[in-house]
Amino acid sequence: SSDLDRLCSHINEKIDIIKNTLSLRNCGRDPALTTVLDKIGNEIIAVHQLLNQLESEVQYHEQTNISLKELCDSLEEDFKDVEHLK
Amino acid sequence: TLKDDVNILLDKARLESQESIGFMKATKLLMK
Amino acid sequence: MEAEVDKLELMFQKADSDLDCIQYKLEYEIKINHPDSSGKKNPVTLLKELSAIKSRYQTLHARLSTAALEQKETKSRICATLNKTMTMIQELQKQSDLELSPLTEEEKAAAEHFK
C-alpha cells in the first residue's frame, strides 16, 4: 500500500504543477499579473544574490571547522606534553 | 517568505562566524 | 489477479505520460505567448527558478546546520582540553614552587571566555 501511496502522491504532485502552470496561462493578458511576475523575477534575482552570500558563509564555516580541529589537535598535543612533564 | 528566511539564516551564520573568530583568538592566546 | 494488476499499472503509466504531455503543451504555449524579453522571463521559467532557489536554500541550510554542529563539538573538546591543561599547569606550579608570570588582562579575559 506504501507503493500505491507513493504512486498517488506522484500523480497528485504532477496535477498540482499543472494547476500552477494553468494559473499562469492567462497572465499575459492581465497587466496587473504581468507586473506581479516582473516583481517575482526581481525578487528571484535578489534571493539568488543572498544565496550566493549564504554559500560563502557556509564555506567559511566549513573552513573554520577545519582550523578549529587543527587547533584542538595541537592543544591535545600540548596537554600530553604537560601530562608527561607532570 | 523565502527571502526573509535566507536573510535570517545569513545573519545567524555571520554572527556565528564572529563568535568563532573570538573563540579561536582566545584559544590561541591561552596556548602561548 | 495478475492481469488486473498489470492493467492497473498500464493505466497509471498512461496517466503519468498524459500529465507530462499536458504539462509540456502548457509550458510550450506559455513560452510562445510570453517569450523571454529583455530582463523579463516567461512565467514557466520563473516557476522553475523558484523551485530551484528553494532547493538551493534547503541544501545550504542543511550544510550550515551540519557545520554548526561540528563546530559546537570541536569547541567543547577545546574547552575541556584547555581547562584540564590549565588545571594541570597550576598543580605543577604548586609542586615545583615555580612562580609563573601572572596572566595578563587579555589572558584572564580569554580564560573567562572558556569558563
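Here is how names work: the chains are called A, B, and so on, in the same order as the sequence lines, proteins then strands, and each is numbered from 1. For the numbers below, each heavy atom of this structure counts, side chains included, while hydrogens, waters and symmetry mates do not. Note that the coordinates shown come from a computational prediction; the quantities given were computed from them, not determined experimentally.
- Summarising the geometry of B/Ser17 relative to A/His61, their closest heavy-atom pair is OG-NE2, 3.2 Å, with the distance given to 0.1 Å.
- Taking CG of B/Asn7 as the reference point, atom CG of A/Leu54 lies at 10.0 Å (rounded to 0.5 Å).
- Of the inter-residue distances, the one linking B/Ile21 atom CD1 with A/Ser67 atom OG reads 10.5 Å to the nearest 0.5 angstrom.
- Atoms NZ and CD, on B/Lys3 and A/Gln49 in that order, are 9.5 Å from each other to the nearest 0.5 Å.
- Expressed to the nearest 0.5 Å, how far CZ of B/Phe23 lies from CG of A/Leu71 amounts to 8.0 Å.
- Both the backbone and the side chain of A/Gln53 come within less than 4.5 Å of a heavy atom of chain B.
- Counting heavy atoms from C-beta outward, A/Glu43 and B/Leu2 have side chains that stay 4.5 Å or more apart.
- In this structure, A/Ser74 and B/Met31 approach most closely via the heavy-atom pair OG-CE, 3.0 Å.
- Atom-to-atom distance recorded for A/Leu50:CG and B/Asp4:CG is 10.0 Å, nearest 0.5 angstrom.
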